[in-house]
Number of protein chains: 2
Amino acid sequence: MRNVLETPEGLAERLAHSGLRPTEQRKVVYGVLLKNRNHPTADEVFAHIRSEMPSAAVSMATVYNCLETLVQCNLVRQVNFERGPTRYCPNLRPHAHFHDEATDTIHDIELPAGLLEQLHSILPPGHQANSVEIIFRGKSGPSS
Amino acid sequence: MRNVLETPEGLAERLAHSGLRPTEQRKVVYGVLLKNRNHPTADEVFAHIRSEMPSAAVSMATVYNCLETLVQCNLVRQVNFERGPTRYCPNLRPHAHFHDEATDTIHDIELPAGLLEQLHSILPPGHQANSVEIIFRGKSGPSS
DNA sequence: AATTATCTTGGAATGATTCTAATCCTCACT
DNA sequence: AGTGAGGATTAGAATCATTCCAAGATAATT
């Protein structure tokens with residue numbers, strides 16, 4: 001079941017909520033992320049727009065700006081692996097990431113109920129975490 | 001109980017094992033990491049050497065080279081937060097990191113027995129992870 | 001001592017991202 | 001329709017961490 005926010009429609013509403021405009025560029029960038037769920041980099045989003053919808057004129061600077069805006073509006077999360085380029089992910093539900101080193105691809109791992117709570121519980125007294133990030137590294141078989 | 005490798009003595013042995021020399025610079029850099037367990041960046045290691053041991057002539061390029069070498073020899077781990085500069089950590093035992101956003105400091109969180117195994121067990125079939133990284137973000141109280 | 005391999009180094013190059021300052025839209029109000 | 005204000009987009013410069021490079025220093029081996 002996909003979150004209601006993860007739709008092109010949610011975008012305008014969410015932007016308006018921050019006093020921002022649902023411009024063509026923002027729609028295009030968000031659309032690419034929704035359709036293309038392999039955690040693309042800014043570069044990849046840019047290339048994707050260039051090749052698949054050459055009519056849409058979007059500059060690199062704008063791709064960065066739009067992605068930043070989407071992150072601010074909590075429509076998109078950014079994920080970093082090592083010092084590689086930042087990747088963008090429209091899956092807002094808590095999840096872990098699996099980085100397949102063989103193919104250099106990333107995909108989401110759903111978390112069983114209670115896992116996050118359990119993780120928080122390992123923190124020593126006085127620690128107040130507002131987010132946890134879990135990254136697996138390895139190889140995922142052909143069955144994936 | 002500190003791992004036997006986490007000593008200046010372990011360095012020469014471990015380097016020799018890879019056919020590398022225990023140079024002055026490598027000893028200095030490793031020494032800084034051992035004494036300075038707050039996950040310093042390359043820049044911070046460099047500054048530390050400059051101020052605390054001005055006699056040791058070590059260039060920035062060499063700091064990077066030495067850190068890289070130590071990582072290759074499994075004497076040191078590198079840790080990244082967002083896209084900030086890479087940080088270095090001589091704690092080789094599995095542990096999580098807590099990033100205190102108020103003070104922008106990082107510290108290690110020990111993992112209870114079995115947690116890593118449990119985390120691996122949430123992976124869908126066909127996934128073979130060879131490492132897991134856990135990063136908490138938040139603030140740690142004064143008691144820390 | 002000569003040869004060879006390893007190390008260190010300053011500075012140039014790289015790559016992702018951010019900044020800047022100019023231009024472009026869009027909308028409300030005349 | 002015309003104007004003005006603020007938001008949005010853009011090309012290109014600037015930044016920052018890191019890597020690369022080519023040269024010189026150091027140490028080990030012959």
Side-chain angles (χ1 to χ4, degrees), chain A residues 11-12 14-32 39-50 53-73 75-88 104 106, chain B residues 11-12 14-32 39-50 53-73 75-88 104 106:
Chain A
L11 173 64
R14 203 50 169 269
L15 285 169
H17 185 269
S18 301
L20 300 172
R21 296 179 193 150
T23 64
E24 206 48 44
Q25 289 87 336
R26 285 170 181 162
K27 286 188 226 168
V28 167
V29 168
Y30 188 49
V32 168
H39 307 77
T41 64
D43 248 356
E44 286 164 356
V45 170
F46 181 66
H48 202 273
I49 295 171
R50 274 287 149 95
M53 37 210 323
S55 58
V58 182
S59 73
M60 193 67 224
T62 298
V63 170
Y64 275 108
N65 287 340
C66 291
L67 289 170
E68 171 68 12
T69 304
L70 296 175
V71 169
Q72 294 305 311
C73 295
L75 283 158
V76 162
R77 290 249 194 84
Q78 42 192 186
V79 199
N80 292 282
F81 298 100
E82 262 91 65
R83 294 206 84 250
T86 298
R87 298 178 167 278
Y88 297 84
D104 195 30
I106 285 119
Chain B
L11 174 63
R14 202 53 168 266
L15 285 170
H17 186 269
S18 301
L20 301 173
R21 297 176 193 155
T23 64
E24 206 48 43
Q25 290 86 336
R26 285 170 182 165
K27 287 188 228 168
V28 167
V29 168
Y30 189 48
V32 168
H39 307 77
T41 64
D43 247 356
E44 285 163 356
V45 170
F46 182 67
H48 202 272
I49 294 173
R50 274 286 149 95
M53 37 210 321
S55 58
V58 182
S59 74
M60 192 68 222
T62 298
V63 169
Y64 274 108
N65 287 340
C66 292
L67 289 170
E68 171 67 12
T69 305
L70 296 175
V71 169
Q72 294 305 311
C73 294
L75 284 158
V76 161
R77 290 250 194 82
Q78 40 192 187
V79 198
N80 293 282
F81 298 100
E82 260 92 67
R83 291 207 88 249
T86 298
R87 298 176 168 279
Y88 296 85
D104 195 30
I106 285 119

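Because the structure is a prediction, the values reported are computed rather than measured. Every chain is numbered from 1 and lettered A, B, ... according to where its sequence line falls, protein lines coming before strand lines.
- The CD1-P distance, from B:Ile49 to C:dT8, rounds to 11 Å in whole Å.
- Rounded to an integer number of Å, the gap from OH of B:Tyr30 to C1' of C:dC7 is 20 Å.
- Smallest separation of non-hydrogen atoms from A:Ala56 and A:Ile49: O-CG2, 4.1 Å.
- In terms of phosphate contacts, A:Thr23 brings no side-chain nitrogen or oxygen within less than 4.0 Å of OP1 or OP2 of D:dG7.
- Using a 4.0 Å heavy-atom distance criterion, A:Thr41 is classed as making no nucleic acid contact.
- Looking at every heavy atom in both residues, B:His39 comes nearest to B:Ile106 through ND1-O, 3.5 Å.
- Taking atom CG on B:Leu15 and atom P on D:dA28, their separation rounds to 13 Å, with Å as the unit.
- Of the possible polar contacts, one joining the B:Arg83 side chain to the A:Arg83 backbone as a donor-acceptor pair under 3.5 Å is found.
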task: Please assess B:Tyr88 against B:Val45 for the test side-chain contact (heavy atoms from CB on, under 4.5 Å), listing each intermediate value before the final yes or no.
output: CA-CA 9 Å; B:Tyr88 296 85; B:Val45 170; 5.6 Å; no
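- The nucleotide whose nearest atom lies closest to any side-chain atom of A:Pro85 is, among D:dT9, C:dT17, C:dT9, C:dT17.
- Per the geometry, CD belonging to B:Gln25 stands 19 Å off P belonging to D:dG24, to the nearest Å.
- Atom pair B:Met60:CE and D:dC16:P shows a separation of 14 Å (rounding to whole Å applied).
- With rounding to whole Å, B:Phe46 atom CZ is found 14 Å from D:dT18 atom P.
- When distances are taken from the side chain of B:Val58 to each of D:dT26, C:dT9, C:dT17, the shortest belongs to C:dT9.
- Atom pair A:Lys27:NZ and C:dC25:C1' shows a separation of 14 Å (rounding to whole Å applied).
- Each of B:Ser59 and B:Leu20 lies near DNA chain C, and the nucleotide nearest B:Leu20 is the one positioned closer to the 5' end.
- Looking at B:Thr62, its side chain never comes within 3.5 Å of a backbone N or O of B:Asn65 through a donor-acceptor pair.
- When heavy atoms are screened at a 4.0 angstrom cut-off, B:Thr62 is found touching base atoms of the nucleic acid.
- Taking side-chain N and O atoms only, B:Thr86 has no distance below 4.0 Å to OP1 or OP2 of D:dA17.
- Nearest-nucleotide positions on DNA chain C place B:Ala57 closer to the 5' end than the other of A:Asn65 and B:Ala57.
- Remark: B:Arg83 is in phosphate contact with C:dT17, judged by side-chain N or O atoms under 4.0 Å from OP1 or OP2.
- Side-chain proximity of B:Arg21 to the nucleotides C:dT18, D:dA8, D:dA27 is greatest for D:dA27.
- Atom CG in A:Leu67 sits roughly 15 Å away from atom P in D:dA8 (whole-Å rounding).
- Regarding contacts with the backbone of D:dA8, a side-chain N or O of A:Arg26 is found under 4.0 angstrom from either OP1 or OP2.
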